[in-house]
Amino acid sequence: MRKTTDISGGRRPAADSGGGRVSRRAFIRTVSAGGAAALIGIGGAGRALWGATSTEPGLRSSRDRNPLRFAPEVIPNDLTLDAAVGSADIGTGIESPAWLLNQTLPSPLIRARKGDPFRVTLANELPEPLILHWHGLTPPEEMDGHPRFAVRRGRTYDYDFTLENRAGTYWYHSHAHFKVGKHTYLGIAGMLIVEDEEEEGLGLPSGDREIPIILQDRRMHGAKTPSYSNPDTLEGILGDEPFGNGVRRPKLEVDTALYRFRILNGSNARIFRLARDDERPLVLIGNDGGLLERSVEVDAIDLAPGERVDLLVDLSEAQVGDRILLNSEAFHIATGLGRKEQVHRQGHPLDLLELHVTREVDEPATVPVHLSAPTLPDPKDAVRERSFVFSSDRDEWTRTMMQHQINGLSYEMGRVDERVPFGETEIWSFTNENQFAHPMHLHATHFHVLSRTEGRNRVMPWEGGLKDTVLVHPEETVRLAVRFTAHRGLFLLHCHNLEHEDVGMMLNVLVE
Ligand code: C2O
Ligand code: CU
Ligand code: CU
């Protein structure tokens with residue numbers, strides 16, 4: 001049994017270091033010519049808090065931290081992903097049992113290019129059926145990882161399609177029936193980065209200035225390694241230990257430079273409220289469906305399971321020795337469960353990643369004002385409306401297990417729940433009548449978030465552009481413009497709280 005090795009020593013390997021990176025371009029380029037490409041500096045005021053040490057309980061000293069590692073990078077060109085039981089180093093030399101693809105935790109980072117063929121073979125040696133879904137991509141239905149395509153141990157599944165999606169931060173994970181939560185938790189999940197020419201022209205930070213990171217919480221119960229047992233299907237599994245790219249309590253050595261952080265919330269149920277502890281804003285340039293039109297500065301970003309954000313992190317004014325924490329700040333979601341303080345509660349603060357500035361460099365830290373021009377479905381073109389209501393009910397037979405449902409339905413693999421005409425724009429509304437937050441995810445397309453009423457009562461600044469997952473708090477109604485233009489076929493709408501999904505909070509959507 002091979003274990004994963006830390007190829008980075010906690011520093012992002014340079015593009016030319018031979019550390020398994022596939023990089024097509026040098027890091028930091030002068031921003032593209034063209035009169036319109038005005039530049040803004042993203043440095044500025046707010047230096048006072050640099051390097052401040054937090055005294056909040058629960059935040060740890062950096063001695064307890066482990067170097068962040070990066071998954072080996074692969075290209076989807078006749079790639080084989082071998083799924084097998086194994087183990088992985090989760091930091092401080094601790095080997096944790098894990099379910100792995102190609103024996104690495106997290107799964108290999110797939111770096112692909114728009115327009116290229118995507119040819120991957122999944123070889124399943126796990127004791128349970130498995131199928132992989134490319135979250136955010138819009139391939140033909142047999143390539144999308146619907147649970148009906150899961151393969152048993154000893155079998156393979158071939159994916160072969162042309163990658164049609166724009167540059168962005170996508171990911172992939174198990175979509176096996178009833179087992180998505182367990183498989184993803186144990187390690188069957190990786191990042192999938194798509195590049196294209198448009199994005200390359202912007203000269204965003206790349207190579208060792210690009211940090212792909214999968215953030216997850218894990219439940220330790222005092223044990224040395226995480227375990228997936230007795231998940232609470234009401235709230236989903238919540239842990240109190242932060243992991244980054246499979247490493248417990250990660251830290252990363254950085255230079256005084258501008259970085260691009262591609263952040264995926266790969267947790268089963270945990271919602272993060274991302275913020276820097278130095279009170280500098282987060283500079284958002286992209287989300288689920290790729291780059292936004294222009295960058296947005298926000299103090300904090302709520303990132304639910306399945307969602308991604310692309311951030312610029314400017315450390316050009318930091319000083320060697322500074323330590324900056326990327327935290328998940330405390331927040332409250334009314335659950336109606338009563339006041340009882342639970343250790344694993346949603347909204348509990350976590351310190352996710354420590355950035356330790358160790359080297360001074362002199363690089364330009366600028367970004368173009370205009371990033372991209374995503375094509376959003378236009379609500380003016382809408383020809384019909386469709387509504388989805390989320391509720392919970394006791395299981396009809398056992399009367400004990402609580403089921404999260406959509407329109408009163410629990411998932412059935414062979415039932416078609418919604419028939420949606422190909423190419424027509426529709427308004428979909430998600431109404432949450434239940435006491436838990438639901439990050440709702442749609443396969444086969446991206447949508448445009450139009451409004452949110454009740455609850456937070458607005459579209460959040462990080463919900464612009466093209467989304468494939470949207471968080472719906474209790475009492476909220478979120479409206480979207482949706483249009484399927486990629487492929488006809490049977491796809492899925494589900495909650496990306498993986499325990500909710502596994503108890504049946506999912507519907508089959510037939511695009512016809
Ligand atoms: Cu990331 Cu159907 O899921
Ligand atoms: Cu998906
Ligand atoms: Cu849910």
Side-chain angles (χ1 to χ4, degrees), residues 107 131-139 141 143-150 165 168-181 183-185 188-192 214 216 231-238 264-271 288-289 303-308 333 335 346 388-393 402-407 409-411 413 430-447 466-474 476 478 484 486-487 489-509:
S107 301
I131 193 71
L132 295 177
H133 164 61
W134 321 103
H135 181 134
L137 301 191
T138 56
E141 64 167 336
M143 303 288 121
D144 191 51
H146 192 277
R148 73 189 189 280
F149 298 124
N165 298 92
T169 305
Y170 305 97
W171 67 301
Y172 66 104
H173 56 80
S174 166
H175 226 301
H177 202 29
F178 300 134
K179 298 288 186 182
V180 182
H183 291 177
T184 306
Y185 200 87
I188 308 292
M191 214 176 246
L192 200 173
I214 303 176
Q216 293 167 317
D232 166 5
T233 58
L234 271 185
E235 185 140 50
I237 191 164
L238 292 170
L264 157 69
N265 183 347
S267 304
N268 282 35
R270 171 73 66 187
I271 299 161
D288 300 354
L303 197 69
E307 290 185 301
R308 291 86 69 205
I333 296 177
T335 64
Q346 191 71 274
F388 300 87
V389 177
F390 314 138
S391 59
S392 315
D393 202 3
M402 189 77 99
Q403 309 273 3
H404 294 288
Q405 298 178 322
I406 307 175
N407 291 345
L409 298 168
S410 293
Y411 186 65
M413 185 126 71
F430 293 154
T431 299
N432 188 356
E433 292 187 347
N434 144 292
Q435 300 163 333
F436 298 89
H438 299 294
M440 297 305 298
H441 170 54
L442 180 59
H443 287 215
T445 192
H446 289 89
F447 49 75
L466 291 161
K467 294 279 293 166
D468 58 46
T469 305
V470 66
L471 182 61
V472 190
H473 278 200
E476 291 180 354
V478 174
F484 293 88
H487 296 280
L490 191 65
F491 299 103
L492 297 165
L493 166 69
H494 63 87
C495 181
H496 224 288
N497 175 312
L498 299 182
E499 281 68 44
H500 293 181
E501 175 185 350
D502 282 340
V503 297
M505 194 173 176
M506 179 155 82
L507 297 181
N508 277 322
V509 175

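Here the structure is a predicted model, which is why all the values come from computation and not from measurement. Order of appearance sets the numbers: ligands from 1, and atoms from 1 within every ligand.
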**Student:** Is there an N/O/S atom in Cys495 at a distance below 2.8 Å from the Cu ion (ligand 3)?
**Tutor:** yes

**Student:** Is there a side-chain contact between Leu132 and Ile188 in this structure, where contact means two heavy atoms from C-beta onward sitting under 4.5 Å apart?
**Tutor:** yes

**Student:** Looking at the Cu ion (ligand 3), which N/O/S atom of His438 is the nearest one?
**Tutor:** ND1

**Student:** Check His500 and report its N/O/S atom nearest to the Cu ion (ligand 3), by atom name.
**Tutor:** ND1

**Student:** Please list, chain by chain and in numerical order, all residues satisfying ring-ring contact (aromatic ring centres under 6.0 Å, His included) with Tyr170, sequence neighbours excluded.
**Tutor:** none

**Student:** Quick one: do Thr184 and Asn268 satisfy side-chain hydrogen bond (donor to acceptor under 3.5 Å, both in side chains)? Show the steps, please.
**Tutor:** CA-CA 8 Å; Thr184 306; Asn268 282 35; 5.6 Å; no

**Student:** Would Tyr411 and His177 count as a close aromatic pair, with their ring centres under 6.0 Å?
**Tutor:** yes

**Student:** Using a 3.5 Å distance criterion without hydrogens, assess whether the side chain of Asn265 forms a donor-acceptor pair with backbone atoms of Arg270.
**Tutor:** yes

**Student:** Are side-chain heavy atoms of Pro147 and Leu492 found at a separation under 4.5 Å?
**Tutor:** yes

**Student:** If I take every N, O or S atom of His404, is at least one of them less than 2.8 Å from the Cu ion (ligand 3)?
**Tutor:** no

**Student:** Given His175, which partner from the list His183, His494, His146 fulfils the ring pair (Phe, Tyr, Trp, His ring centres under 6.0 Å) test?
**Tutor:** His494

**Student:** Taking atom 2 (Cu) of ligand 1 as the center, what protein N, O or S atoms are found at less than 2.8 Å?
**Tutor:** His175 NE2, His443 NE2, His494 NE2

**Student:** Could you point out which residue of His135, Met505, Met440, Glu307 forms a side-chain contact (heavy atoms from CB on, under 4.5 Å) with His496?
**Tutor:** His135

